[in-house]
Amino acid sequence: MIKDKLEQLVQQAIGAAKAEGKLPLLEIPPVVLEHPKEKAHGDWATNAALVLAGNVKMPPRAVAQIIVDSFGNTATYFDKIEIAGPGFINFYLSNRWLYDVLSQIREQGEKYGHSTIGAGQKVQVEFVSANPVGPMHIGHGRWAAVGDTLANVLSANGYTVQREFYINDYGNQMNIFAKSVAVRYAQLLGRDVPFPEEGYRGEYIKDIAREIIAEDNDKYMSVSEQDREAIFKERAYMQVLDHIKHTLANMGVVFDFWFSERVLHELSTVTKTIEELREHGYVYDSEGAVWFKATEFGEDKDRVLIRANGEPTYFAADIAYHKNKLERGFDKIINIWGADHHGYIGRMKAAVQALGYPADRLEIIIGQLVNLLRGGEPVRMSKRTGEMVTLDELLEEVGKDAARFFFLMRSTDSQLDFDIRLAKEQSNENPVYYVQYAHARISSIVRFAEAEGVSLHEDVKYSLLKTEPELDLIRKLAEWPEVLERAARQRALHPLTVYSQELAAAFHFFYTKCRVVGEDKDLSTARMSLCEATKTVLRNALGMLGVTAPERM
RNA sequence: GCGCCCGUAGCUCAGUUGGAUAGAGCAUCGGACUUCUAAUCCGAGGGUCAGGGGUUCGAAUCCCUUCGGGCGUGCCA
């Protein structure tokens, strides 16, 4: 990457100046390179001189001059190097450097932009992890998009990634779920049974009950209520889980592993984990319950692991689950949780430490909630009445591409306004189409060019690309590896959507200024290669997001 | 009360972890198709970066504080 090379060069220049005694430094601080906001300030800039100035007690611009003088022969890389403002050093890349980017893209294809910063490291991303008691909601859609794309990004950066879904198929929620189905079943068969206060009221519960009736009629009215609920629990569970998998598949998300919470209980893993923690002195009994000493790790309260009624808490099972994950040898386990779980982070990290692992082995990404809008108006949803827009309905209405792009457009730290009307609008208001359109447009040019006999032979004369729209587009293409690597480092995905829009914009601008297929064969070929490169990178970027890159629109 | 997230253009949001004159999209207004896709492009207006203090060569960014919004603060998950 250009950036690494530049950092190295600046580092060397400072080192040389130091060796010659021009800069009285003990050590060389890390050099920071950045893209100046102003185009007039060059392709890259460093504030190294400003940082060093205080150290060596010299004016920043003088320090900058010394660094620049130590650069040696630079003509092959730069058009010029300037000192500007308070002491910035601005680098103006030579076009040759930019043309190299085009050949790299051509050589590397879909691997262009990939890095090896994660090579040799195993990472697990756990996300969605919904209760299998009903259809997924919009929030799940956000975590699905975020988790899946994060996994894409990490693997593009060399990590070995596993996607995991933790199925919360144990405990009270499941019992209520089973009871809800059983009551609906009885009601549909004409029995006058009251619906439980805390039951799930969604229409889908009735659908499940109807299906059972369609298959087995009133067969289960003859068994005890307890047995009936037990039977329905399994049946409804399987159906809902299937449904969840189906919905996720519609979003383009496929998990490597589905981990059942039940299994932890069935194999006594939960109790064993608690005993292990007890041996290490992190567990005690009080008020009839079993407690975890979260306060040992800076938490404000200790937490219950086993209730006075003998039932383990969700937290206890989650510790056992995390122990299992940690023992599977991941260098990092990443959980994606909704904002409503953020209060849970501290105790989970405490548990990780109690299990003997460093707290940062576990990383938790908190995603803020999604506000659903339609034409600017909030969509009413009520958990109590079961009235809500499901993820299925959303996907049905706006499609996978728009859904994923919208879910990924904002920082996970920010709440997301999802406007259904905007997402399905096929107009300039919709950023998804804007990016996809750039790709379709290029495809169309390529088809036309081929029909006109323009072909991409080996020796493309890149140097014919020298106008601003062309060079700006190449500069944008050159940014992709930086964007992709930073996304992995920061675990932040929205810069990818921002980038895809910027790249599309750079292309559209180029398109209106530069005729691709024309009289001059060499120029046509050179521009064609630029189009192909752009197409490749657009596809790479959209691919990370899980959005399709259409050939036609 | 305490903890986490957020507060930047009329609206929705970026802002590369402290850099140069704070940027996009939408909306508004004005322009551009006989030539490869106008789902596009160009131009214009629009700002007390919620308020106040501090740290330093330099702050939207870091610290303190006030205000406003969301979430959490269970022997729920």
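Note that the structure is predicted; figures quoted are calculated from it, not measured. Quick note on labels: first sequence line is chain A, next is B, and so on, each numbered from 1.
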Under a plain distance cut-off of 3.5 Å, with no hydrogens placed, do A:His35 and A:Glu482 share a side-chain donor-acceptor pair?
yes

So, A:Trp258 versus A:Phe165, ring centres under 6.0 angstrom or not?
yes

Rounded distance in Å between the C1' positions of B:U55 and B:C5
25 Å

To the nearest angstrom, how far is A:Arg410 atom CZ from B:U12 atom P?
10 Å

Measure from OH on A:Tyr433 to C1' on B:G25 and round the result to the nearest Å.
17 Å

If we take the C1' atom in both B:A9 and B:C57, what is their distance in whole Å?
30 Å

Could you give the CD1-to-P distance, from A:Ile364 to B:C71, as a whole number of Å?
21 Å

Using the six-membered base ring of B:A20, report whether A:Phe88 stacks on it, requiring centroids under 5.5 Å and planes under 30° apart.
yes

Want to settle it: does A:Leu416 or A:Ala440 sit nearer the 5' end of RNA chain B, counting the closest nucleotide to each?
A:Leu416

With the side chain of A:Gln173 defined as its heavy atoms from C-beta on, choose the nearest nucleotide among B:U21, B:A77, B:C36.
B:A77

Check every strand shown and say whether A:Ile306 touches a base, only sugar-phosphate, or nothing at a heavy-atom separation below 4.0 Å.
nothing

Which is true for A:Ala289 with a 4.0 Å heavy-atom rule: it touches a base, it touches only sugar-phosphate, or it touches nothing?
base

Where does B:U17 land, syn or anti, once you apply the within-90°-of-0 test for syn?
syn

Taking only the C1' atom of each, what is the distance from B:A39 to B:A20 in whole angstrom?
37 Å

Quick check on B:C57: syn or anti? Syn means the glycosidic torsion is within 90 degrees of zero.
anti

Pair A:Lys179 + A:Glu229, salt bridge at N-O below 4.0 Å:
yes

B:C36, B:G23, B:A77: which one has an atom nearest the side-chain heavy atoms of A:Ile445?
B:C36

Using purine N1 to pyrimidine N3 plus N6-O4 or O6-N4 for Watson-Crick, or N1-O2 and O6-N3 for G-U wobble, both under 3.5 Å, which nucleotide pairs with B:A32?
B:U40

Which value, in whole Å, describes the distance between the P atoms of nucleotides B:C6 and B:G18?
15 Å

When you measure from the side-chain N and O atoms of A:Tyr434 to the phosphate of B:C41, is any distance below 4.0 Å, counting only OP1 and OP2?
yes

In plain terms, say whether A:Arg374 and A:Glu397 are close enough for a salt bridge, that is, a side-chain N and a carboxylate O under 4.0 Å apart.
yes

Report which part of the nucleic acid A:Tyr437 touches: base, sugar-phosphate, or nothing (heavy-atom distance under 4.0 Å, all strands).
base

B:G72 pyrimidine/purine six-ring stacking with A:His342, under 5.5 Å and 30°:
no

Can you find a side chain N or O atom of A:Arg527 that sits less than 4.0 Å from OP1 or OP2 on B:C36?
no

Evaluate the ring planes of A:Trp337 and A:His341, with Trp represented by its six-membered ring, and classify them as parallel (under 30°), tilted (30 to 60°) or perpendicular (over 60°).
tilted

When the distance from CH2 of A:Trp337 to P of B:U73 is rounded to whole Å, what number comes out?
13 Å

So A:Arg515, base contact, sugar-phosphate only, or nothing? Heavy-atom distance under 4.0 Å.
base

With the side chain defined as heavy atoms from C-beta on, A:Lys37 is closest, among B:C75, B:A39, B:U16, to B:U16

Can you check whether A:Tyr511 has a side-chain N or O nearer than 4.0 Å to OP1 or OP2 of B:A38?
yes

Please classify the nucleic acid contact of A:Glu198 as base, sugar-phosphate, or nothing, using heavy-atom distances under 4.0 Å.
nothing

Using the P atom as the reference point in each nucleotide, state the distance between B:C11 and B:G30 in Å, no decimals.
23 Å

Partner nucleotide, any strand, of B:G1 [Watson-Crick/G-U, under 3.5 Å]
B:U73

Would the A:Phe407 and A:Phe418 ring centres measure less than 6.0 Å apart?
yes

Gap in Å between the two P atoms, one belonging to B:G70 and one to B:U65, rounded
22 Å

Remember a base hit wins even if backbone is also touched, and classify A:Glu287 as base, sugar-phosphate or nothing at under 4.0 Å, heavy atoms.
base

Any base atoms under 4.0 Å from A:Ala45, or only sugar-phosphate, or nothing? Heavy atoms, all strands.
base

Closest-nucleotide 5' rank along RNA chain B - winner of A:Asp340 and A:Ala504
A:Ala504

Which value, in whole Å, describes the distance between the C1' atoms of nucleotides B:A22 and B:U61?
12 Å

Which whole number of Å gives the distance between the C1' atom of B:G19 and that of B:G23?
16 Å

So which nucleotide does B:A9 pair with, by the Watson-Crick or G-U wobble rule with both distances under 3.5 Å?
none

Could you state the CZ-P distance from A:Arg491 to B:U16, rounded to the nearest angstrom?
18 Å

Nearest-nucleotide pick for A:Met553, side chain only, options being B:A39, B:U21, B:G19:
B:A39

Nearest to side-chain heavy atoms of A:Lys301, which nucleotide of B:C36, B:G70, B:U73:
B:U73

Carboxylate-amine/guanidinium contact A:Glu532 A:Lys535, below 4.0 Å
no

Should A:His341 be listed as having a side-chain N or O under 4.0 Å from OP1 or OP2 of B:C76?
no

A:Ser443 side chain near B:C36 phosphate (N/O to OP1/OP2, under 4.0 Å):
no

If the cut-off is 4.0 Å, is A:Thr512 near the phosphate of B:C41, judged by side-chain N/O to OP1 or OP2?
no

Looking at every strand, decide which applies to A:Cys514 at a 4.0 Å heavy-atom threshold: base, sugar-phosphate, or nothing.
base

I need the CD-C1' distance between A:Glu502 and B:A14, as an integer number of Å.
9 Å

Kindly point out which of B:U37, B:U35, B:C75 is positioned nearest to the side chain of A:Arg307?
B:C75

For the side chain of A:Trp291, counting heavy atoms from C-beta on, which of B:C75, B:U37, B:G74 is nearest?
B:C75

In whole angstrom, give the distance that lies between atom CD of A:Gln436 and atom P of B:A39.
15 Å

Any N or O donor-acceptor pair linking the side chain of A:Asn47 to the base of B:G19 at under 3.5 Å?
yes

The side chain of A:Ala84 is closest to which nucleotide in this list: B:A77, B:A20, B:U37?
B:A20

Contact class for A:Asn90 vs. all strands (heavy atom < 4.0 Å): base, sugar-phosphate, or nothing?
base

Which part of the nucleic acid does A:Ser414 contact within heavy-atom distance under 4.0 Å: base, sugar-phosphate only, or nothing?
sugar-phosphate

May I ask you to decide if A:Leu305's main-chain N or O and A:Thr313's side chain share a donor-acceptor pair within less than 3.5 Å?
yes

Would you mind checking if A:Glu470 and A:Arg475 are paired as a salt bridge, meaning a charged N to carboxylate O distance below 4.0 Å?
no

Rounded off to whole Å, could you give me the CH2-to-P distance for the A:Trp44 and B:G19 pair?
14 Å

Pair A:Lys349, A:Asp360 - check salt bridge (Lys or Arg N to Asp or Glu O under 4.0 Å), show working.
CA-CA 8 Å; A:Lys349 290 212 165 214; A:Asp360 65 2; over 6 Å; no

